[in-house]
Amino acid sequence: MTFTPQEAAPMSNNPAPHGPTDQNQEHNQEQGREEVGKLLASANVAVLTTVNGEGQLVSRPLALQAAEFDGDLWFFTEDPSPKVADIRANPQVNVAVNTGKGYLSVSGKATVSHDKAKIDELWNAWVEPWFEDKDDPKVALIHVEADSAEYWSNDKPRVAAAFKMAAALVTGKRPDPGKNDVVEL
């Protein structure tokens, strides 16, 4: 009796469409979303990257607006401005965050909004110095709808992480940088 390669393949390579593997992936995605939310909650500033009219990547720091992460990120901006022109021409953006607990890279689509209710909701003392007042017609919001995020997080204190890096240098073994995952949002 002879077998084709497909017949000889182990059954574990062909999981049931809704078997434990899918449940584990769903669980891992939920854990990943929670990790993304934790990293964003501990960040004050993010770096927004847009593509300008010449096709160059342009990055600038912006204050993250305090809102529970539900897949959306919000930033105040002035309209008109070069970043607003970039977004209107090409809405694909990246938002990068560095906290004491890890790093985060979020890709998504951005829009510019003058929604008065959302501006009122997010307005705070840190925004006031940038505008005459919240009724200033130049006040706008950048709304990023996240598609996916990749994070690198480490719950260990920085001293412990530095020690692990030093030990890896001495032993020649690869260091454990902590958790790393890509999450679909």
Side-chain angles (χ1 to χ4, degrees), residues 22-23 25-53 55-155 178-185:
D22 287 343
Q23 289 173 350
Q25 286 176 336
E26 189 173 312
H27 178 72
N28 289 343
Q29 287 291 301
E30 185 57 37
Q31 285 180 325
R33 286 186 204 97
E34 288 175 15
E35 194 67 33
V36 168
K38 281 196 278 186
L39 287 169
L40 285 168
S42 65
N44 296 318
V45 175
V47 177
L48 174 74
T49 302
T50 59
V51 180
N52 70 14
Q56 299 167 317
L57 298 175
V58 181
S59 301
R60 76 279 289 159
L62 293 172
L64 277 166
Q65 298 310 303
E68 188 169 324
F69 181 66
D70 57 1
D72 295 338
L73 299 172
W74 295 91
F75 304 93
F76 276 96
T77 192
E78 190 172 302
D79 183 14
S81 70
K83 66 183 153 294
V84 167
D86 292 351
I87 289 167
R88 286 188 173 129
N90 182 348
Q92 287 299 132
V93 298
N94 182 270
V95 177
V97 174
N98 173 6
T99 72
K101 299 285 183 185
Y103 304 90
L104 178 64
S105 175
V106 178
S107 64
K109 292 179 188 71
T111 55
V112 178
S113 170
H114 289 272
D115 180 325
K116 182 71 174 129
K118 194 67 176 180
I119 290 170
D120 288 344
E121 176 190 333
L122 296 175
W123 191 262
N124 62 72
W126 295 103
V127 178
E128 288 178 12
W130 296 96
F131 302 99
E132 289 182 31
D133 61 39
K134 63 182 171 182
D135 296 319
D136 182 340
K138 294 178 187 170
V139 175
L141 290 167
I142 296 173
H143 173 211
V144 177
E145 291 182 59
D147 296 326
S148 66
E150 184 168 6
Y151 67 87
W152 300 262
S153 67
N154 193 339
D155 293 333
K179 294 184 258 180
N180 170 238
D181 201 3
V182 175
V183 182
E184 296 304 318
L185 304 166

Would you check if the side chain of Asn124 reaches a backbone N or O of Leu122 as a donor-acceptor pair within less than 3.5 Å? yes
Tell me the closest heavy-atom pair linking Gly108 and Asp147, and the distance in Å. CA-OD2, 3.5 Å
What pair of heavy atoms forms the shortest contact from Asn52 to Asp86, and how long is it? CA-OD1, 3.3 Å
Ser42: side-chain hydrogen bond (donor to acceptor under 3.5 Å, both in side chains) partners, not counting sequence neighbours: none
More than 12 heavy atoms from other groups under 6.0 Å of NZ on Lys138: no
My understanding is that only residues two or more places apart in sequence, or in another chain, count here; which of them pass side-chain hydrogen bond (donor to acceptor under 3.5 Å, both in side chains) with Glu132? none
Below 4.5 Å, heavy atoms only, C-beta onward: do Leu40 and Leu104 meet side chain to side chain? yes
Gap between atom OG1 of Thr49 and atom CZ of Arg60 - 0.5 Å precision: 7.5 Å
If you take all heavy atoms of Ala146 and Phe69, which pair is closest and at what distance? CB-CZ, 4.4 Å
Can you measure from CD (Glu128) to CG (Asp136) and round to the nearest 0.5 angstrom? 12.5 Å
So, for Asp181 and Asn28, which heavy atoms are closest and what is the spacing to 0.1 Å? OD2-O, 4.4 Å
Check whether any side-chain heavy atom of Lys179 sits under 4.5 Å from a side-chain heavy atom of Ser153, and report yes or no. yes
Once salt bridge (charged side-chain N to carboxylate O under 4.0 Å, His left out) is applied, what residue pairs with a partner in residues 64-84 remain, sequence neighbours excluded? Asp79-Arg88
Is Glu30 close to Glu34 at the side-chain level, that is, under 4.5 Å between some pair of heavy atoms? yes
Inter- and intrachain pairs under ring-ring contact (aromatic ring centres under 6.0 Å, His included), touching residues 93-125, at least two apart: Phe76-Trp123
Leu39 vs Val97 side-chain heavy atoms within contact, under 4.5 Å: no
Pairing residues for Glu145 by the salt bridge (Lys or Arg N to Asp or Glu O under 4.0 Å) criterion, not counting sequence neighbours: none
Taking atom CD of Glu35 and atom NZ of Lys101, what is their separation to the nearest 0.5 Å? 10.0 Å
Measuring from atom CD of Glu150 to atom OG of Ser107, what distance do you get when rounded to the nearest 0.5 angstrom? 10.0 Å
Side-chain touch Val183/Leu185, heavy atoms, less than 4.5 angstrom: yes
For Gln29, does its backbone N or O pair with a side-chain atom of Glu184 as donor and acceptor, under 3.5 Å? no
Pick out which of Thr50, Thr111, Val51 makes a side chain to side chain contact (heavy atoms under 4.5 Å, CB included) with Ile87. Thr50
Applying the side chain to side chain contact (heavy atoms under 4.5 Å, CB included) test to Phe131, which of Asp133, Val127, Asp135 qualifies? Val127
With Ser113 via side-chain hydrogen bond (donor to acceptor under 3.5 Å, both in side chains) - residues at least two apart: none
Close side-chain approach of Leu141 and Phe75, heavy atoms under 4.5 Å: no
